[in-house]
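One structure below.
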Amino acid sequence: MSSSRASQAIGTARVAVGALAIGILAYAYALRIAVGDSNPFDYFGYFTNQTTLFTGVVLILAGVTNLRGRPLRGGLVLLRAMAATYLVVVGVIYNVLVPGTGSAPPWVSAALHIALPILVLADWILAPDRRPLAWRMIWVVLPYPVLWLTVVLLRGVTDGWVPYGFLLPERGIASLWLHIVGLLCAMLAAAALVWSLSRTRTVVYPSGGRSGPEPTRRQVMRDVQ
């Protein structure tokens with residue numbers, strides 16, 4: 001398959017998966033509305049829902065870029081890495097620590113906590129349009145979960161709502177700090193995995209209809225540093 005056809009196929013798949021993820025979120029939210037629970041701050045207060053929305057948008061942006069025959073620039077590759085990191089955490093925590101929880105239909109939970117993380121991680125591993133990520137940039141995965149945790153904890157002490165039981169204020173400061181530190185450590189561990197996977201094979205830079213020259217060793221090392 002030519003690089004142009006491969007880029008078109010990858011782009012189509014990314015747009016389809018991104019749109020489907022957002023569509024599933026919208027469907028699940030419609031179910032909540034139907035039973036009188038329409039507060040968007042509650043529904044989109046869940047880490048899974050926020051990261052699914054983020055990932056859906058990133059996949060669509062990346063897919064459209066592919067379909068236009070343009071290579072993914074560094075910023076968009078970094079956004080893909082962040083999305084993959086967040087979904088690794090979502091998949092591991094849900095399936096290992098709290099399987100089967102939540103009020104969504106089982107197929108929705110399976111789609112968001114199993115299928116989507118697998119697809120996004122497979123895309124990161126197999127698609128050839130990524131560069132080796134600089135280790136000095138691994139910190140970019142932390143500001144969002146820190147902000148999310150801050151908002152959740154503020155809501156917990158004001159209106160009493162938290163998305164997950166382990167963040168309930170009545171569990172005590174020690175328990176809260178333990179879970180917060182654990183979550184952030186899990187985030188960094190997932191990011192380390194994603195950053196390492198960016199170096200697992202020769203980097204290919206698709207260029208629309210033609211294959212461009214292979215990057216020099218100096219160019220690759222500059223990206224890694």
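Keep in mind that the numbers below use all heavy atoms, side chains included, and drop hydrogens, waters and symmetry copies.
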For this session: State whether the side chain of W161 and the backbone N or O of D42 hold a donor-acceptor pair below 3.5 Å, judged by distance alone.
Result: no
Exercise. What's the shortest heavy-atom distance between M187 and V141, and which atoms?
Worked result: CG-O, 4.0 Å
Distance-only donor-acceptor pairs under 3.5 Å for side chains of residues 26-34, two or more places apart:
from, atom 1, to, atom 2, distance (Å)
Y29, OH, S38, O, 2.6
R32, NE, D37, OD2, 2.9
R32, NH2, D37, OD2, 2.8

Problem set entry | W107 atom CH2, over 12 foreign heavy atoms within 6.0 Å | yes
For this session: Can you run down the side chain to side chain donor-acceptor pair (under 3.5 Å) pairs that involve residues 180-189, sequence neighbours left out, and say none if there aren't any?
Result: none
For this session: Check which hydrophobic residues are tied to L147 through side-chain heavy-atom contacts below 4.5 Å, counting indirect links as well, and list them.
Result: V151
Exercise. When you measure from the side chain of N95 to the backbone N and O of H113, does any donor-acceptor pair fall under 3.5 Å?
Worked result: yes
For this session: State whether the side chain of R171 and the backbone N or O of G165 hold a donor-acceptor pair below 3.5 Å, judged by distance alone.
Result: yes
For this session: Take F47 and Y164 through the ring-ring contact (aromatic ring centres under 6.0 Å, His included) test and state the conclusion after the steps.
Result: CA-CA 9 Å; F47 192 78; Y164 308 108; 7.9 Å; no
Problem set entry | Residue among T52, T51, L116 satisfying side chain to side chain contact (heavy atoms under 4.5 Å, CB included) with V90 | T51
For this session: Answer yes if the ring centres of Y144 and F54 are under 6.0 angstrom apart, and no otherwise.
Result: no
Problem set entry | L87 vs L121, side-chain contact (heavy atoms from CB on, under 4.5 Å): CA-CA, chis, key distance, verdict | CA-CA 8 Å; L87 288 193; L121 191 59; over 6 Å; no
Exercise. Taking it one step at a time, do I138 and L133 satisfy side-chain contact (heavy atoms from CB on, under 4.5 Å)?
Worked result: CA-CA 8 Å; I138 199 171; L133 297 173; over 6 Å; no
